[in-house]
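What follows is a single structure, written as structure tokens, with notes after it.
Quick note on labels: first sequence line is chain A, next is B, and so on, each numbered from 1.
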Amino acid sequence: MIRSELVQKLAEENPHLYQRDVERIVAAIFDEIIEAMARGDRVELRGFGAFSVKKREARVGRNPRTGETVSVDEKHVPFFKAGKLLRERLNS
Amino acid sequence: MSNKTLTRMDLSEAVFREVGLSRNESSDLVERVIELMSDALVDGGQVKISSFGTFSVRAKSERIGRNPKTGEEVPITPRRVLSFRPSHLMKDRVADGNKKG
């Protein structure tokens, strides 16, 4: 399933809403999750999973082409862990 | 970093603010989005949300694990696991937003 198919399905189930509004609703949900993580917050959706931010420590890396050492700054990366219910549904 | 945990309620609130729907309808829509994504993953194996990320299901075959307490070898049954690959947009926003200073 891709984003437009999700919008399409929701629009079919909610004939009283304009497709344009359904698009805005879907965007609002995903944007809110991204904005939360950009602030360092977690988003926990029971049964589905949790989005969180993990810190990667600064390290000394190597340019694989030249073998030269380079320092890599500390950074934060998004992380998702599937919820218990979804994990169980995938395996039943 | 504020380190809060958001829930379905906060997502419903975001929908409520964005479109002029009731709080009840907003929360039903959030729930439905989560259900449709879960169902698609269970039956189809992939959900691709442009500018957000891709959820995909991978099949893992049986392997031998070990009970860490007893050292005993036990088979780990084949299973399906979910992985998430964030979009570039998400990675950039998360990296920039959490940069210190």
Side-chain angles (χ1 to χ4, degrees), chain A residues 1-7 9-10 13-14 16-18 20-56 73-83 85-92, chain B residues 1-8 10-21 25-26 28-30 32-42 44-53 55 57 77-87 89-91 93-100:
Chain A
M1 181 170 77
I2 62 174
R3 190 185 190 117
S4 58
E5 291 165 341
L6 175 62
V7 168
K9 242 189 198 136
L10 283 172
E13 292 177 359
N14 296 276
H16 61 295
L17 298 177
Y18 289 114
R20 196 190 56 220
D21 286 334
V22 176
E23 274 160 17
R24 285 170 60 201
I25 289 162
V26 168
I29 293 171
F30 292 117
D31 289 350
E32 187 69 15
I33 297 174
I34 294 179
E35 288 314 311
M37 284 194 286
R39 294 191 300 266
D41 292 343
R42 266 166 62 82
V43 179
E44 190 176 315
L45 304 172
R46 282 285 160 103
F48 182 74
F51 297 90
S52 60
V53 178
K54 289 204 165 178
K55 181 174 160 184
R56 296 274 176 264
D73 289 344
E74 158 193 312
K75 71 169 175 185
H76 291 82
V77 297
F79 180 76
F80 174 76
K81 185 176 191 295
L85 183 70
L86 185 52
R87 279 205 307 269
E88 285 169 0
R89 280 190 65 195
L90 287 170
N91 289 292
S92 61
Chain B
M1 263 209 221
S2 44
N3 290 311
K4 277 199 325 187
T5 296
L6 277 69
T7 63
R8 282 169 166 77
D10 300 281
L11 300 185
S12 310
E13 195 61 30
V15 170
F16 173 77
R17 284 195 310 265
E18 177 67 30
V19 192
L21 298 174
E25 195 171 4
S26 302
D28 287 349
L29 283 160
V30 169
R32 194 62 189 134
V33 165
I34 296 171
E35 277 171 12
L36 287 170
M37 289 176 48
S38 304
D39 292 350
L41 288 167
V42 171
Q46 203 183 53
V47 172
K48 249 180 153 149
I49 306 293
S50 56
S51 76
F52 185 79
F55 298 88
V57 176
T77 53
R79 62 192 64 209
R80 296 205 296 163
V81 297
L82 181 57
S83 67
F84 175 67
R85 210 178 112 85
S87 66
L89 180 103
M90 181 189 284
K91 282 195 212 167
R93 296 273 271 279
V94 169
D96 292 347
N98 291 284
K99 214 169 260 174
K100 50 177 183 200

What part of [X] is in contact with chain A, defined as an atom under 4.5 angstrom from a non-hydrogen atom: side chain, backbone, both or neither?
X: B:Gln46; value: backbone
X: B:Leu41; value: both
X: B:Glu13; value: neither
X: B:Ala14; value: both

Subject >> Salt bridge present between A:Glu23 and A:Arg3 (N-O < 4.0 angstrom) >> reply: no
Subject >> Ring geometry between A:Phe80 and A:Phe48 (parallel below 30°, tilted from 30 to 60°, perpendicular above 60°) >> reply: tilted
Original post:
Distance from B:Asp39 atom CG to A:Met1 atom CE, nearest 0.5 Å?
Top reply: 8.5 Å
Subject >> Straight-line distance of A:Asp31 CG to B:Met90 CE, nearest 0.5 Å >> reply: 10.0 Å
Give a yes or no on whether the backbone of [Y] and the side-chain of [X] come within a donor-acceptor separation of less than 3.5 Å.
X: A:Glu88; Y: A:Leu85; result: no
X: A:Asp41; Y: B:Asn3; result: yes
X: B:Arg32; Y: A:Leu10; result: no

Subject >> Whether over 12 other heavy atoms sit under 6.0 Å from A:Lys75 NZ >> reply: no
Original post:
For atom CZ of B:Arg85, is the number of surrounding heavy atoms from other residues, nucleotides or ligands below 6.0 Å larger than 12?
Top reply: no
Original post:
Counting heavy-atom pairs under 4.5 Å to chain A, which of B:Ser38, B:Ser83, B:Gly20, B:Ser12 comes out on top?
Top reply: B:Ser38
**OP:** Please determine, among B:Val15, B:Asp96, B:Thr77, B:Val42, the option with the most heavy-atom pairs under 4.5 Å with chain A.
**Re:** B:Val42
Which bit of [X] is near chain B, if near means a heavy-atom gap under 4.5 Å: side chain, backbone, both or neither?
X: A:Phe51; result: side chain
X: A:Leu90; result: both
X: A:Val77; result: backbone
X: A:Leu17; result: side chain
X: A:Asp21; result: both
X: A:Asp73; result: neither
X: A:Glu74; result: side chain
X: A:Arg46; result: both

**OP:** Could you tell me which of A:Ala82, A:Pro78, A:Gly83 has the largest number of non-hydrogen atom pairs under 4.5 Å with chain B?
**Re:** A:Pro78
**OP:** Heavy-atom pairs under 4.5 Å with chain B are the metric here; pick the option from A:Lys81, A:Glu13, A:Arg87 that has the most.
**Re:** A:Glu13
**OP:** Quick one: closest heavy-atom pair of B:Ser26 and B:Leu21, and the distance?
**Re:** OG-CB, 3.9 Å
